[in-house]
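A quick write-up on the structure given underneath.
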Amino acid sequence: MRSIDRLFENSSRSLARHTSRRSLLATLGKILTGAALIPLLPVDRSSRAEAAEAGGPATAKPPGKSGSKAKAATDDPLSCDYWKYCAVDGFLCSCCGGTSNSCPPGTAASPITWIGTCHNPADSRDYIVSYNDCCGKASCGNCECNRNEREKPMYRPSRNNDLNWCMANADSNYHCSVSVILGVAEK
Amino acid sequence: MRSIDRLFENSSRSLARHTSRRSLLATLGKILTGAALIPLLPVDRSSRAEAAEAGGPATAKPPGKSGSKAKAATDDPLSCDYWKYCAVDGFLCSCCGGTSNSCPPGTAASPITWIGTCHNPADSRDYIVSYNDCCGKASCGNCECNRNEREKPMYRPSRNNDLNWCMANADSNYHCSVSVILGVAEK
Amino acid sequence: MKSCLMRAALLSLATCAPLLAAAPPPPLPAEHLTLTTLPPNSPHRIYVLDEAFLNEIDARIDLFDGDTYRRLGQIDAGFNPGFNLSPDGKTSVVSTTYWARGARGARTDVVEFTDNTNLSVTHEIVLPPKRAMTLPTYFNIGYSSDSHFLYVSYVTPAASFGVLDPAKGTVLDEIDTAGCVLVIPSGPNRVASLCESGRLQTVTLDAQGHEASRAMSDPFFDADTDPVFVQGVPITGGYAFLSFLGQVHEVDFSGAQPTFQKPWSLLSAADKAQNWRPGGAQVGAIHRKLGKLFVAMHRGGEGTHKAPGTEIWVFDMKTHQRVARWPMAPQKLASALAVQVSQDDAPLLFAATENADIAVFDALTGELRHVEKKFGQTPWLMMNP
Amino acid sequence: MKSCLMRAALLSLATCAPLLAAAPPPPLPAEHLTLTTLPPNSPHRIYVLDEAFLNEIDARIDLFDGDTYRRLGQIDAGFNPGFNLSPDGKTSVVSTTYWARGARGARTDVVEFTDNTNLSVTHEIVLPPKRAMTLPTYFNIGYSSDSHFLYVSYVTPAASFGVLDPAKGTVLDEIDTAGCVLVIPSGPNRVASLCESGRLQTVTLDAQGHEASRAMSDPFFDADTDPVFVQGVPITGGYAFLSFLGQVHEVDFSGAQPTFQKPWSLLSAADKAQNWRPGGAQVGAIHRKLGKLFVAMHRGGEGTHKAPGTEIWVFDMKTHQRVARWPMAPQKLASALAVQVSQDDAPLLFAATENADIAVFDALTGELRHVEKKFGQTPWLMMNP
């Protein structure tokens with residue numbers, strides 16, 4: 001895992017990091033063709049079922065304030081406890097008209113991001129996650145989430161979630177944050 | 001009282017209302033020379049003492065959220081229940097760096113206003129009150145107060161507190177509201 | 001195998017279990033960052049105007065789906081905005097004000113047009129700095145019935161309104177209303193305004209958006225004894241105006257001049273004795289086909305016209321009888337500041353509470369379906385397609 | 001008689017009672033609308049930066065008096081602002097961003113200067129659109145010791161800083177910092193920045209504000225194993241940087257190059273075993289004359305460095321011993337996100353809680369003096385003169 005951290009960190013100062021991440025994806029060889037078209041929720045259901053079958057973790061915490069159903073919070077994209085949100089400090093786009101990996105209508109995704117490594121209890125794997133901000137509308141203000149696993153101060157920007165990652169967008173106002181699985185972290 | 005209402009209402013459509021009100025003040029003959037220099041709080045203390053001596057009203061409601069002392073709320077300029085605030089819908093300037101009749105530093109008073117008639121339980125008199133907005137800074141956000149005694153919809157603007165009375169200021173953003181005694185209402 | 005893995009990731013491991021045998025489950029696929037497409041318009045969609053009163057330069061309209069209980073997106077709305085939908089529901093219009101330095105500096109009054117299929121701002125029309133800065137109603141901004149004109153209420157405090165061409169993006173004219181306020185559009189070229197005298201003034205426009213004629217109605221209310229709320233409620237061919245003391249004034253705007261039905265009261269003698277009154281920010285809503293009126297009601301005296309409803313009362317618009325009363329507190333809801341009802345055959349009643357919760361009821365039965373907690377800061381107006 | 005009436009109105013009816021006899025009390029005098037004058041500056045005044053995170057284009061700085069428990073006024077602060085005070089305390093500087101249409105449209109980065117005697121904006125300097133948009137610290141914007149230069153941190157994400165002439169209102173230069181971030185001013189012409197390598201880079205300026213030289217220090221922390229918070233705490237001649245795991249790195253900036261004291265730990269072996277850590281948004285504050293360090297402390301593991309303090313711990317900076325621990329919960333206070341202490345001989349400790357309350361303590365005894373409830377939305381930084 002450390003080596004992957006380093007890979008990101010070494011490329012973190014450049015606007016070309018975006019490209020670096022894409023290259024990494026290819027390197028990791030974890031891309032399933034067509035994944036771009038897969039909406040998140042079916043995947044969530046799958047892993048939820050899996051966790052339930054395995055008697056896996058079913059954290060009793062309440063779901064996010066928009067979530068009205070009782071769910072295992074680590075498996076609820078409307079909850080801050082969702083496993084993929086382990087380094088989100090902001091508003092969850094899934095509570096703002098988007099999903100956990102899709103920006104709300106009328107916003108624009110930030111091309112530059114910070115990176116996290118999150119553990120998915122449903123399959124006991126660590127995943128590399130890209131956090132992107134969605135930009136160009138005022139703060140969503142819903143489902144505020146503040147998690148900072150492996151988050152670092154702004155002198156390590158690729159791991160920092162305090163920066164407004166909309167900074168380089170044409171409309172650079174922060175609206176909400178998404179979490180996009182890039183691949184499995186190397187052990 | 002009705003006749004005074006009318007006087008204001010008839011002049012309400014004009015930017016010259018400000019002047020009208022000043023004329024009215026002279027007419028009422030209630031101006032004490034030098035009153036402009038009198039801060040509000042000493043007056044409050046006087047009337048509070050009076051009310052206490054007379055066994056007057058001592059509403060048990062809690063004071064405004066900024067007020068830490070136990071006071072009769074109708075006599076507490078930090079409380080929405082303060083008698084003079086009977087038609088304030090906004091933030092009390094007394095909780096924003098001003099007083100009940102003084103705008104906070106760095107803001108500008110609106111020259112145009114709405115008017116109320118409020119009963120002072122301490123002396124059992126009705127007073128004509130001018131409500132001015134203080135303008136040019138973002139919403140104070142403190143001590144929100146929504147009282148509407150004799151308040152009318154915006155087709156009677158001189159009695160309406162929904163309009164942003166900073167509208168004609170150079171910096172027309174609303175910050176907070178003050179209440180200024182103009183004189184005793186005619187019976 | 002790959003397709004099976006895909007199915008496994010998408011649906012359920014069970015279907016492919018024999019193939020996987022002792023192998024661990026496949027890792028989750030990489031995701032791509034996308035932009036959400038709005039679902040098709042629905043009668044159960046609602047546009048909630050959050051005035052954000054404590055941070056008033058940051059008002060916004062939040063779209064909410066009354067079936068899935070999900071937020072659909074946000075339209076930014078500046079300071080003290082007016083808001084409305086185009087007659088076809090495809091466009092949101094926001095009339096608002098920006099300052100160059102937040103709450104200071106050069107002032108720009110503007111109408112912004114948002115495409116409701118993707119929540120992008122398509123264009124804007126800059127206004128003279130005269131826009132009425134006040135609470136949101138149906139009548140701060142509104143379209144003509146054929147969408148050729150857009151009207152914007154001005155108060156400086158002199159009252160007038162702007163006539164805009166929304167397609168060309170131009171301001172056509174400003175029309176003085178001699179003290180009468182707000183814009184109540186009717187037909188392709190008429191605009192009525194509410195006057196202090198209790199009358200409606202109707203300005204008729206020519207094809208270029210200039211004044212062709214104006215007329216004043218008889219008074220239909222008395223601003224001294226029993227003023228009407230400016231939050232008119234749409235009825236077929238016009239609006240119903242509720243009064244502070246609970247009179248219902250139905251006004252038909254379908255002809256050249258408004259006509260008035262005989263007013264009727266929400267209150268029985270017993271209700272009056274108990275001081276029941278309508279109140280709040282958006283006091284009533286009407287299901288036009290069913291002829292049902294929903295009103296936020298509270299007990300109180302003079303000066304309580306903005307008090308939220310401890311109960312929602314339901315009236316039959318034909319018989320003028322109350323047919324239900326739905327108290328908020330037993331449902332653990334705060335009082336209702338704003339109500340709106342969907343216009344379909346399975347209608348939902350939406351209530352915004354003073355705690356900023358949005359409650360969703362079955363409008364036929366009053367059954368509470370959902371409570372969306374803390375929906376923004378100060379949701380004061382709800383519109384629907 | 002008139003003067004007696006005046007006195008009566010101002011002070012007490014008792015003093016004039018004989019004259020008034022059976023007459024009713026005089027009516028209250030008419031009032032004039034005035035503008036409040038700020039009281040003289042006081043060491044107990046505090047500037048609270050409310051990020052207004054849920055309405056982030058509307059951040060503001062609220063002035064609060066720790067003696068009278070009154071708000072003194074407000075300085076508007078736009079979006080994601082930087083904030084600091086001039087060395088003489090007479091001027092507030094806010095570095096911020098505005099968009100022409102609220103959260104959209106043309107972007108303007110700007111530094112605004114506010115006269116702290118009347119809270120009016122006196123002038124501004126427009127910046128290139130490069131300002132670091134991040135959480136507030138001491139180091140987003142800062143003055144040189146002689147106030148001749150003002151430095152503003154830029155991140156695009158390339159890191160640099162702007163050198164401004166605050167008196168002339170001009171931008172003098174932009175200096176690339178090779179990936180090191182923030183501006184830590186020292187002396188009349190030095191700016192240090194924090195580097196990922198754990199080093200400090202110091203740029204020395206010439207009289208025109210251009211780079212004369214730069215130097216890199218030895219590493220003083222390890223970003224992998226135990227990063228320091230960027231919220232440095234002022235000490236005499238420099239700043240103390242706390243680390244996630246509770247090390248205190250005192251850095252002396254008074255010389256041409258920074259020098260480092262041997263780091264010491266906030267934690268005993270028992271504290272470590274219980275997973276105590278510093279955390280929050282403004283983690284620590286130091287009374288320089290008394291040599292007392294106040295730190296927001298909580299129990300937690302990796303990733304809890306922004307968790308607010310369930311207790312405030314007090315340390316002697318000379319002996320490195322903990323001299324007090326003040327838990328929040330027994331005082332019915334939420335955990336502390338930010339702490340600040342006044343520098344006078346009767347010091348007050350201010351704590352901003354995660355509920356946005358401001359608690360005022362006697363900094364010598366820990367006695368709770370006052371709780372100002374719901375002080376804005378998200379108060380994350382407190383500065384004092």
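So that the names make sense, note that chain A is the first sequence line, chain B the second, and so on, each numbered from 1.
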Quick check for you: to the nearest 0.5 Å, what is the distance between C:Arg60 atom CZ and A:Ser139 atom OG? 6.0 Å
A:Ser102 and C:Thr34 have their tightest heavy-atom pair at OG-OG1, 3.0 Å
Could you give the distance from CG (A:Leu182) to NE2 (C:His32), rounded to the nearest 0.5 Å? 9.0 Å
Report the distance from atom CG of C:Leu35 to atom SG of A:Cys134, rounding to the nearest 0.5 Å. 8.0 Å
Looking at C:Leu28 and A:Tyr127, what are the two nearest heavy atoms and their distance? N-OH, 2.8 Å
The test is side-chain contact (heavy atoms from CB on, under 4.5 Å); show your working for C:Arg70 and A:Leu78 and say whether it passes. CA-CA 10 Å; C:Arg70 294 292 296 270; A:Leu78 301 179; 3.7 Å; yes
Can you name the closest pair of heavy atoms from A:Gly106 and C:Ser120 and give their distance? CA-OG, 3.9 Å
Taking the side chain as C-beta and beyond, is there a heavy-atom pair between A:Pro104 and C:Thr36 under 4.5 Å? no
Which heavy-atom pair separates C:Leu33 from A:Val178 by the least distance, and what is that distance? CD1-CG2, 3.5 Å
Side chain, backbone, both or neither of C:Asp58 within contact of chain A (heavy atoms, under 4.5 Å): side chain
Check whether any side-chain N or O of C:Gln74 sits under 3.5 Å from a backbone N or O of A:Ala138 as a donor-acceptor pair, and report yes or no. yes
What heavy-atom pair brings C:Asp76 and A:Lys137 nearest, and what distance separates the two atoms? OD2-CA, 3.3 Å
Report which part of C:Leu72 has an atom under 4.5 Å of a heavy atom belonging to chain A: side chain, backbone, both, or neither. backbone
